[in-house]
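Written out below as structure tokens is the structure these notes cover.
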Amino acid sequence: MESAFVIETIIKILVVLGLFSALAGFATYVERKVLAFMQRRLGPMHVGPWGLLQVLADGIKLFTKEDFIPQGANRIIFMIAPVITAASAFIAMAAIPMFPEFTIGGYTVRPIISDINVGLLFVLGVMAIGLYGPLLAGMASGNKWSLLGAARTAVQFLSYEVVTGLSVLAPVMIVGSLSLIDFNNYQAGGISNWLVWKQPVAFILFLIAGFAETNRTPFDLLEHEAEVISGYATEYSGMRWGMFFIGEYANMFTIGFLASLIFLGGFNDLGFIPGAIAILLKVFFFIFLFIWARASWPHIRPDQLMWLCWKVLMPIAVINVVITGIVMMF
Amino acid sequence: MGSKVYFSTWKDEFIDNRGKPREEWAESNYNFPVQYNADIESKAFIGWAGLALFDEDVDVIKLATEYAYQYQVYSEACGRCAPGRWGGRILYDLFDKIARGEGEWGDVEHLKEVSSTMIETSKCEIGKTVPKPLLDVLNYFEDEIRELIEQKRPSKYYNDENINYISKVTAPCMDACPSHVDIPAYIEGVRDLRFDYSVQATRKTMPLAHTCGRVCPHPCEDECRRANLDEPISIMELKRVGADFETDHGLFWLHPKEPKPLNGKKVAIVGAGPAGLTGAYYLAMEGVASDVYDELPVLGGEVAVGVPEFRMPVDKYNVDIGAVGSLEGVNFITGKRVTADDMREFEKNYDAILIATGTRISKKIRAKNEREEIRGYWPAINFLDCINLYVKYGIPAPKEILEKNNLPTDKPYVDLTGKTVVCVGGGFTSLDVVRCAVRANADKVVMLYRRDEATIIKNTTYEEYHEAVEEGVEFIFYSAVEEIITDENDNLKALKINRFELVPDPDGGRPQLKKIEGADFVMECDILVPAVSQSADLSHLPPEWEIELTSWGTIKTDGKTYMSSRKGVFAAGDCEYGPMTIVNAVGQAKRAASVMSRYVQSGEITLTDEEIMEDHLRSLKVYDKKEKIRGWMPGLPRQKGEILSVEERKHSYLEVNLGLTQEQAVAEAERCMRCYYIAMVAV
Amino acid sequence: MVKFYIDGKEVVANRGETILQVARREGIYIPTMCYLSKVKPIESCRLCVVEVEGVEGFVLSCQTPATPDARITTDSKELYEHRQNIMKLYDVNHPLECGVCDKSGECDLQNKNLEFRVDSQEFSARDQYRPIQDWNYLQYDPSLCILCEKCVHVCNEVIGDDAIEIEYGGYKSRIIPKDAETLDCTWCGECVAVCPVGAFISKDFKYSANAWELDRIPAACAHCSASCHLYYETKHSSIENPEPKIYRVKNEFEFETLCGAGRFGFDFENREAKKDEEAFKRAIEAFKRADTIKFTSFITNEEALLLQKMKERFGYRLVNDEARAYQRFLENFSQYSGKSLYTPSLYDIEDSDFIILMGSFISSDNPAVRYAMTVSQKRHRSEIVNFHPVEDDLLKPVVTKFVKHEVGSEEAALSMLVDILCDEDAKKRAGKEWLESFDIGYLSAESNIGEEEIEDILKRLKMKKRRGAKRFTLILGEDLYTHPRAENLAKLAGLVDRFSEFDVMLIPPKTNTLGVALICDLDEEEGEFSIGYNQKGDFTLSALGDGDLDMPALNQQEGTFTNIDRRVVPTNVALPYEGYVLNDIAKELGVSDKEYTIEYTKELPKEKGYKEIEFDELDNEFLNDGTEKRGYELEIKKVNLSRKNIEPIEELPEFNGTVIYRCEPVLQFSPFTNKAHQLRTKGKLYASETFLNDLGLKEGDKVNIQKDNITISIEVERDGFIASGAYLGRFDKNIDTESLFKDYRFTEVKIQKV
Amino acid sequence: MNGLEQFKDRNVSQNYYRVKIEPYPKTPWERFKRVVRRSLRLELFVGLKITLMEMLRFKIHTIQYPKEKLPISPRYRAVHKLLRLLESGNERCIGCGLCEKICISNCIRIDTRPDENGRKIPTEYTINFGRCIFCGYCAEVCPELAIVHGQDYEHASEQRAQFALKEDMLTPLDKLKEQKEYPGFGAPTPAADKLIKKTPLAY
């Protein structure tokens, strides 16, 4: 039993690692295509049919590219920083139940690496650790743009961590558990049971904070080229840069899963749609939403970002929690 | 004077008889060549000053086209200015286009435009005048032109080869010159510093370029159009410039063209004076050989022995004679007096005979007691012979003549030291006599002349008369010898002289000379030289030939072909005309040679169209004294050459007139307006 | 002096000056197509018509002298229209081939069409076939020809060849060779220079460049002592080769005339030269060893000064035979004329009324003098008497009296001239001995100059004087300087100059002979080890590129020449030169402290008449009215007269057998002209028809010329321009003619057919 | 409008209109009003809608260069071409040098010489494309329509010298048939015949 668990977990880890790495790559393809279509373009077309192998080509490129460390950089930290980002992104996934349970050859598989009862807290916490990646990378690069980028990372991530936490607090209060499976199960009764109807404000706040946490447009200030070149990643190339990249996309999936699980009914069957497919659709909707927003909206200024966080979103979140509490009391 | 014309725009007149019957036609003021030849009537005449039609049925457009074409032909002598060269070509091309029936109205406009530029800016008159009749055609025959353009058909007689268009280029000066020298051409040669061209142009019609550059009375200068503006060009002097170039550089000889090869015909020429030489020259040019006979031991006739050295240096004349002699076929036989027997022989042996014996008998002055035998009575021709043969050729004067005239015989030349010489006359010969007498060291030289100073200048030249005066010749005008007074030994002692005055004729005719009674006087003199005129010595003509003579005692010809009444015997020069100028003799001989060259070939007496036209134009008169001159700056003086100082020339036979310097010659040539004109007749 | 008004401006004309000349001098513009200031007005274009107040119609300004107080208008609406019409007529059937025409860009027809705004042609004429004529160096395209006649006039009035004429034919007129099938002339190419359109062109230049691409470098011609002003026109050689190359030579043809050698012999530059340090070192060593510098006069004044400075420093002997002979002649001449230099210039010759030429084969020795004589002949009908043993048919249209004398009897000829030209004072000055030795009968018999010929000259002179002649010139040439009796000849010439109306000109034989003669202190004898500059020596510096060290040719150098007009004229660098120059050697030897040779221009010896003027301040141009502003004229100083009597006339030398003359064929002057690609030819014995007949030779035969123990094997060529005699040139450096002609220009030889 | 006047009017399209800019909010109240206004109008979602609709409509404007190429204006000034005469195949260039003269970047050079028939021919013709600014003056000035701007704008090469020679520009003889008469800038328009003024050659 023990050994089976270990094997199962290792397999799950590997599957998650492999799958999400691949998905991250695939997401880049999708992103490029969707952006192109929205801009009346075609996007990558040359590598493989409809440019499908572009991901592969990019991967090969990233792997084979020279690993370059600037002279003035702090070598060790510089080398470690991307690993932190990638690692934290994947570790966060450990507590996320991806699909409903299924049985393979009589063996029931729970598609979660580790169902811990504070799963939500774990996910949020580990994602918060991801902050160290860009922060350290920027500080270690020995480049003022990187440093600025790092500073922005710290500010942005820390600020929106608050909003994320506060926005999730209300659902947590309703569900009364921090396990994401509990969340899922709480909403098992169909669409009407989705938490989003009870907590629409929290959902919106979570979503906005999610954009910020994953460094997506309109909050992509960390690597805003016109101001700080590539921000913390300025000095990175090859696979090290790739790790930041994978981390970012992994985070997008994490947020997508979180949002689906917390607000949109998780992997419960949706009418005729099996739960597994339902959650995938939901996740992909969020991924699409990320891309869609990027295609549609301009990004905002850092001061607007902070203004939004502290003066708009956080008060709303607090009020939301308070109102939730009051409603629950009566 | 005047002829009936159908239409005329000549000069200032405008006669339009279109639509009227022939009987009602108005008469023109001008003497047009209505009758081209004895048997040919002309249809139209077109020229520098307009056009005249003599017939209703004239194709005016074709006439104009041909006239423009003739300009092309004659401008082949030129083509030297841009408006003339291309403008003329365009005139012809466009007129021809219209006449062919391919014209458009635009062509008429272009014709007018080109014409106006040609009229204003052409180099010579030919370019300025050719557009004039063409413009007349364009203006007055617009209907005909419109018809051709609209109907696109050729003009009526466009392809009719029976109509001949005969043209001739002339100029006022050329017209005035008896030998029709192409004066503008040789002046142009001087102006262009192309003296070889100049002398070649002269020799086209005048082989004696040196001679006529010195001793010509230049009738051309009287009809020089430049005189309308300021003073006439010094035409004669300019002829000399080219000729001198030939000798200066030893370029013997500059002939106008390559002579034709000899054609086996041979002509006898009696007399090697200007006429004889000219005849020989042009006959040789046409390939006809000639034997030239002369009784004198030297060549050149009267010009060689009569014209003194200071006027006509013999080495220059010899150059001219050399030019004649240089041609193949010319053979000179000197010292042979031709007799009637010889003439008979000649008729058998030669294809034709040209008599050019001149007038070598001095006429008498018709005074009382005038006899050849008087010692001191010395006829002018003989007087000049004696002086000049020695001066020019070193041939001593015959002792018996010196003796007859009471002169020292120990000297080979005529020495008049201490003598008083009286010459009666007033022409070139008499001036030569008195000036020679001055040089022969005569004490006193007197010239008696019946008329006044102005007439003597008119008969000779202003320069010569004044030079004679400067040299100390005494002129007594309005006087004539009444009687010659001799002593017992028949020596001349004195002359009784009448004086006259000019009485105007009440009827408006020529003023009459009237003797002034009581004004007679007696003048002592040693030698009397009669130089009033000369007559021809025609003793060599076989009486049985019955050659017709004129009332002057010269050979009668028709004045155009110069054939005498006997076929094959021609006469030219003074023996035909009477004592006249060199250039006249040359002109006659040139024409005679031309006729003869055809006669010896075909046996017919013909004139070329060119020659016929020459005569027509002369009667029409080319020079118009009233004509206004456009486009020339007036006030440029006529250049005068240096002459020897009186002291220097009085005692030597050095040439008096030094001629123009190069700068003067060129300046003079630049005054020439090149008044070429083209005239054309349609027959 | 005539005062009148052009366009309201008051102007003054000199005697005989035309309206156009005055206008040009005053800078008032009157358009012309055919006017060329150095010849008579041609009057073919009719563009220069002007309006004169009170005169009907238009007056031709180019030939009309001004009348007092005339009021002239040079431009009005009517005039403009007529000029425009004339330009239209000029355009009738003028081929539209400006694209390929060599003249395009500097074409008068283009310019005037533009000026009168003729942009279309409304009428035309039937065209005709007119093939391009190919005449040796030239090509003539009749269809391009506008018949302005400039070429014909310049050939007749300035050159004197009179080789071309117009075949009159109205619209068909064209230029043809005069009296010949094809053109055979001295190939001066002046017809090309004056042609306002592209009708006459240089075959070599044809289609190789366009006018606007070429750089103009004003310079002085380096071939003869006339040092004519010219422009070298350069451009890169080709697309592959950016090195500049001289494409052609142009001149200020309005005022000045070039000969064929100047025009076609331009590429004589030393192309091979590189900075060869080894050779340079050897040269310096050679200079340290040498005691003699031999050189020719193909150098600039500055180089001559450098050589002189070297001499002063190291005591070299400067050897230059031809300049030495000239120098001595000039010195002797000065002692008897009282002037340090001769006075006449080419302009004076042009204005002369009576010219006597002696001792020079002028058509090849110095064409500029020939042209000047032609001008004087044509303009003033001057008498030109030529004394020479060789009959030159080229001079026939120019010379009015040719006196053929025996070879070597120049002394007799000059003595006879002294006798007739000078007054008694001169004879007194000449001295008793001379007078006693002057036996005219003997001289006449020995020299073959008939007394009657001398009398004829006197007669002509008197005639000229009667006609108001003012200027008389005696021109002496190289025959006299090399004559064994040169000293006496010079003194006689001095007497003529001093005691007669005649001014004497001494033609410097080579480019800068006069400069060298004035600047350098020349020596007679060669030493043991010599350095040759453009001359064979033990160590040879050569601009021909065949010596031990390369030197720049004269078109690669800047500096000054002293020319025949006694004028110091500047020349400029037409082509770059990579190698060493004389100044480099002088610097290495410590003689020179200047960087550039031209810094010596202002140091030229003032006591000889040079002025202290910097090279860069020398003018090099012509003014609108033709005034030559080039450099400066040497000052003529007074010289103390010699009191010595002139030596008696010696017995005249006898030349028997075959005598040949030393002169160059037309178009050649030296190995430099022969180096030019258009003129390159093999040296031959040039002989007249009579000479060939006498020796039984034919053209193309090979002969051996023998003298003492020298034998030269050479081909014979017939020269149609000479009527007697034969000559050898020095232009072909492969033929050693130097040894044949030690002193005098005539030499007795044996000629054998091989 | 006639003549050159028409070119002075730079307002090429008539479809432009001015955008109305609302005044910038100055007080917090105004700013609040603006937020409300914008929020109520759901401006953010308008943006989303536009992008989404574009995607759904799928009107792709991409030209898949180099597989697909856009047609080029005949006035386009790409790499020069030297043309030949259509019938004889002779070079049109007569070496007049006008292009050389007019070239403002001074990059054209011609070597000419007479050929065996005495005609002027260019032996070599180069354009230094490193300096050429493709202004088109050369084609404009060419009297023989010999040099024109071609349509070939892809003139990349490894060495500068490789695209400057006559052989590269001159129509190869075997491609003569493919040479179009109106291939580019500098060539006359197809209607040029109507504009040309005729020379009055009556003969």
Side-chain angles (χ1 to χ4, degrees), chain B residues 71-90 92-94 106-107 110 113-114 116-117 120-123 191-194 196-197 241 244-245 248-251 628-636 641-642 644-645 648 658-659 661-663 665-667 670, chain C residues 16 33-34 39-47 49 52 55-60 63-65 67-68 70 78 82 85-86 88-90 92-93 122-126 146-147 149 153 156-157 162 165-166 168-173 378-383 396-400 463 466-468:
Chain B
Y71 173 65
Q72 277 290 296
V73 172
Y74 278 111
S75 72
E76 301 213 344
C78 185
R80 300 190 58 186
C81 68
R85 181 167 55 242
W86 282 298
R89 178 74 195 185
I90 281 161
Y92 168 65
D93 275 1
L94 293 185
D107 297 335
H110 288 323
E113 188 184 336
V114 171
S116 89
T117 295
E120 285 299 336
T121 58
S122 284
K123 183 170 185 171
R191 201 194 62 81
D192 281 344
L193 306 180
R194 291 199 156 268
D196 44 348
Y197 290 2
V241 173
D244 280 349
F245 171 82
D248 278 353
H249 295 271
L251 299 167
K628 268 198 119 179
I629 308 288
R630 278 173 65 86
W632 287 88
M633 185 106 133
L636 300 175
E642 288 285 317
L644 275 186
S645 69
E648 216 168 344
L658 298 173
T661 65
Q662 192 91 325
E663 290 87 339
V666 172
E670 278 177 351
Chain C
M33 282 292 288
C34 70
V39 298
K40 292 295 311 164
I42 297 162
E43 300 176 24
S44 75
C45 74
R46 324 301 289 178
L47 273 182
V49 285
V52 183
V55 176
E56 257 186 77
F58 302 139
V59 170
L60 207 57
Q63 73 140 13
T64 313
T67 49
E78 290 77 36
H82 280 291
N85 276 342
I86 291 168
K88 280 184 191 167
L89 289 171
Y90 264 128
V92 171
N93 293 15
E122 281 147 21
F123 26 75
S124 64
R126 197 193 300 262
I146 58 164
L147 288 164
E149 299 184 37
H153 277 245
N156 175 33
E157 291 175 33
D162 201 5
E165 65 177 347
I166 291 193
Y168 296 127
Y171 175 66
K172 292 201 290 284
S173 311
K378 294 288 176 182
R379 242 179 246 166
H380 313 297
R381 210 190 307 157
S382 60
E383 292 284 353
K396 209 161 179 195
V398 176
V399 164
T400 52
M463 191 56 148
R466 274 196 207 108
R467 281 193 181 144

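Using a 4.5 Å heavy-atom threshold, the side chains of C/R381 and B/D248 count as touching. Counting heavy atoms from C-beta on, the side chains of C/R466 and B/E648 come closer than 4.5 Å. When side chains are defined from C-beta on, C/I42 does not count as touching B/D192, because their heavy atoms never get closer than 4.5 Å. By the 4.5 Å heavy-atom criterion applied to side chains, C/V52 and B/W632 are not counted as neighbours. In this structure the side chain of B/E663 reaches within 4.5 angstrom of the side chain of C/H380, judged on heavy atoms.
A salt bridge links B/R191 with C/E43: the distance from a Lys NZ or Arg NE/NH1/NH2 to an Asp or Glu carboxylate oxygen falls below 4.0 Å. For B/K628 and C/E56, the salt-bridge test passes: some basic side-chain N is under 4.0 Å from an acidic carboxylate O.
Closest approach of B/M633 to C/A70, counting heavy atoms only: CE-CB, 4.0 Å. Nearest heavy-atom pair across B/P83 and C/I86 is CG-CG1, 4.2 Å. Listed here is the closest heavy atom pair of C/S173 and B/R85: OG-CD, 4.5 Å.
Between the NZ atom in B/K123 and the SG atom in C/C45 there is a gap of 10.0 Å [rounded to 0.5 Å]. If you take CG on C/L60 and SG on B/C81, they are separated by 10.0 Å, rounding to the nearest 0.5 Å. The CD atom of C/E78 lies 11.0 Å from the OG atom of B/S116; values are rounded to the nearest 0.5 Å. Rounding to the nearest 0.5 angstrom, the gap separating the CG atom in C/N85 from the CD atom in B/E113 is 4.5 Å. One finds the CZ atom of B/F245 at 4.5 Å from the NZ atom of C/K378 (value rounded to the nearest 0.5 Å).
For chain C, the nearby parts of B/Q662 are the backbone and the side chain; heavy atoms of each come within less than 4.5 Å. Both the backbone and the side chain of C/P65 have a heavy atom closer than 4.5 Å to some heavy atom of chain B. Only the side chain of C/M463 comes within contact range of chain B, with heavy atoms under 4.5 Å apart. At a 4.5 Å heavy-atom cutoff, the contact between C/E157 and chain B is made by side-chain atoms alone. Contact of B/I90 with chain C is made through the side chain alone, with heavy-atom distances under 4.5 Å. Looking at B/S122, only its backbone comes within 4.5 Å of chain C, counting heavy atoms on both sides. For a residue to count as touching a neighbouring chain, one of its non-hydrogen atoms must lie under 4.5 Å from one of that chain's; by this rule B/D196 touches chain C with the side chain only.
Among C/V92, C/V55, C/T64, C/L147, the residue with the largest count of heavy-atom pairs under 4.5 Å with chain B is C/L147. Taking chain B as the reference chain and counting heavy-atom pairs below 4.5 Å, the highest number among C/T400, C/N156, C/V398 is found for C/N156. Highest contact tally toward chain B, considering only C/P41, C/G468, C/G57, is held by C/G57 [criterion: heavy-atom pairs under 4.5 Å]. If you tally non-hydrogen atom pairs under 4.5 Å between each of B/V666, B/L193, B/L251, B/L644 and chain C, the highest count goes to B/L193.
Under a 3.5 Å cut-off, the side chain of C/Q63 and the backbone N or O of B/E670 do form a donor-acceptor pair. Between the side chain of C/R126 and the backbone N or O of B/D93, no donor-acceptor pair lies under 3.5 Å.
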Salt bridge (Lys or Arg N to Asp or Glu O under 4.0 Å) between C/R46 and B/E120, intermediate numbers included: CA-CA 10 Å; C/R46 324 301 289 178; B/E120 285 299 336; over 6 Å; no

